[in-house]
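Residue indices begin at 1 and follow the sequence shown. Each ligand, and each atom within it, is numbered from 1 in the order the structure gives.
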Amino acid sequence: MSTMHRLGILLSGRGSNFIAIADSVAAGRIPNAEISVVISNKADAPGLAAASARNLTALAIEANGRKRAEHDAAIVAALREHRVDLVCLAGYMRLLSPSFIQAFPQRILNIHPSLLPAFPGLDAQHQAFEYGIKIAGCTVHFVDEQLDHGVIVLQRAIPVEESDDAQTLSARILEQEHIAYTEAIKRVLSGEYVIEGRRFRKR
Ligand code: GAR
């Protein structure tokens, strides 16, 4: 019997990427995986309520004025308690401290709504739209100690249409995000890859 992979999801808001992952897990599109815990730094995040509604373990771990390293240590402790082996950031709007990243080496994924390395940081879709890009997209990457920087697992691209505004473009990028995250998790959990420098490729 193959071992179950235990996912930990971190989110700060709406949680549509979390919901897409949860739907994929429930439908068997991510084989041998379960969501062990969903954690938010915001107690009122709609994504956290969605996790509770699905009868998943949903924890609010707020910073409450604590230093980043201390807050992160509490999150790492919760992830370990739930024996998480892959952490998925899904709209988690806080930088991770080095000790968090070192606690899960090449085991933290993030999704970002641009074709990195273009438009890291906040509001990437608006930045990209205002810049006048013609091809938009999203990136799933491993998290390292630089913002929106780690090894890229996959990207999905879409053309910007003449009729787009920043909102319609964001919505179409989001559709791609939902497809991309499931695919990226599947690839990583398969273990059938090598990382050479910055290159992630099938083994
Ligand atoms: C998503 O578009 C995600 O790519 C982005 O936040 C949104 C969260 O939406 N993340 C970042 O910008 C990280 N730098 P969701 O809560 O509906 O998944």
Side-chain angles (χ1 to χ4, degrees), residues 7-26 29-30 35 37-54 56 58-63 68 71-72 75 86-97 100-101 104 108-131 133 135-158 160 164-185 188:
L7 307 181
I9 312 281
L10 266 58
L11 57 80
S12 300
R14 179 176 59 182
S16 75
N17 276 289
F18 151 64
I19 289 168
I21 294 167
D23 285 347
S24 289
V25 167
R29 287 191 295 271
I30 304 178
I35 295 176
V37 65
V38 179
I39 299 173
S40 179
N41 62 317
K42 304 266 184 211
D44 61 356
L48 203 55
S52 301
R54 286 166 184 251
L56 295 170
L59 307 176
I61 304 180
E62 298 196 297
R68 185 184 309 282
H71 178 228
D72 279 3
I75 294 175
L86 183 68
V87 180
C88 301
L89 308 186
Y92 185 67
M93 296 310 200
R94 269 176 78 86
L95 284 173
L96 304 192
S97 55
F100 189 154
I101 293 162
F104 291 93
I108 309 174
L109 291 175
N110 181 43
I111 189 153
H112 185 76
S114 76
L115 296 172
L116 290 171
F119 311 111
L122 290 177
D123 241 346
Q125 310 94 321
H126 290 83
Q127 289 186 57
F129 182 79
E130 295 300 334
Y131 194 89
I133 54 151
I135 305 286
C138 63
T139 304
V140 182
H141 64 92
F142 285 107
V143 173
D144 69 9
E145 292 177 17
Q146 294 176 53
L147 178 67
D148 297 329
H149 173 269
V151 165
I152 292 173
V153 177
L154 66 83
Q155 297 184 306
R156 290 180 67 90
I158 49 167
V160 179
D164 269 325
D165 58 28
Q167 277 66 38
T168 59
L169 182 62
S170 300
R172 286 192 300 110
I173 294 171
L174 192 63
E175 288 174 11
Q176 297 304 312
E177 293 186 44
H178 297 162
I179 301 166
Y181 222 157
T182 288
E183 188 54 37
I185 292 169
V188 169

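- Distance from atom 7 (C) of ligand 1 to its nearest protein heavy atom, with residue and atom name: Arg14 NH2, 4.2 Å.
- Counting only heavy atoms of the protein, atom 6 (O) of ligand 1 lies nearest to Met93 CE, 3.3 Å.
- Taking atom 5 (C) of ligand 1 as the reference point, the nearest protein heavy-atom neighbour is Pro113 CD, 3.8 Å.
- Contact between Leu11 and ligand 1 is absent, with no heavy atom of the residue lying under 4.0 Å from the ligand.
- For the pair Phe119 and Ile133, the minimum side-chain heavy-atom distance is below 4.5 Å.
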Exercise for review: List the steps and the verdict of side chain to side chain contact (heavy atoms under 4.5 Å, CB included) for Leu109 and Phe142.
Suggested key: CA-CA 5 Å; Leu109 291 175; Phe142 285 107; 3.8 Å; yes

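- Under a 4.0 Å criterion applied to the non-hydrogen atoms of Gln125, ligand 1 contributes the atoms 2 (O).
- Protein heavy atom nearest atom 2 (O) of ligand 1, with residue, atom name and distance: Glu177 OE2, 2.9 Å.
- Residue Gly15 holds the heavy atom nearest to atom 16 (O) of ligand 1 of all those in Gly91, Gly15, Ala20, Gly13.
- Nearest to atom 15 (P) of ligand 1 among the protein's heavy atoms is Ser16 N, 3.4 Å.
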Would you list the atom pairs, donor with acceptor, under 3.5 Å between side chains in residues 87-96 and any protein atom, with sequence neighbours excluded?
| from | atom 1 | to | atom 2 | distance (Å) |
| --- | --- | --- | --- | --- |
| Arg94 | NE | His71 | ND1 | 3.4 |
| Arg94 | NH2 | His71 | ND1 | 3.4 |

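- For atom 14 (N) of ligand 1, the nearest non-hydrogen atom of the protein is His112 ND1, 3.2 Å.
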Check your understanding: Do Gln125 and Glu130 pass the side chain to side chain contact (heavy atoms under 4.5 Å, CB included) test, and can you show the C-alpha distance, the side-chain angles, and the key distance before you say yes or no?
Key -> CA-CA 9 Å; Gln125 310 94 321; Glu130 295 300 334; over 6 Å; no

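- In this structure the side chain of Pro113 never reaches within 4.5 angstrom of the side chain of Gln176, judged on heavy atoms.
- Ligand 1 is never approached by Gly47 to a heavy-atom distance shorter than 4.0 Å.
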Review point. Going through the checks in order, is the side chain to side chain contact (heavy atoms under 4.5 Å, CB included) test met by His141 and Val151?
Key: CA-CA 5 Å; His141 64 92; Val151 165; over 6 Å; no

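- Between Asn17 and ligand 1, at least one pair of N/O atoms sits closer than 3.5 Å.
- Using a 4.5 Å heavy-atom threshold, the side chains of Leu59 and Leu48 count as separate.
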**Study point:** Pair Arg29-Asp23, side chain to side chain contact (heavy atoms under 4.5 Å, CB included): steps then yes or no
**Key:** CA-CA 8 Å; Arg29 287 191 295 271; Asp23 285 347; 4.1 Å; yes

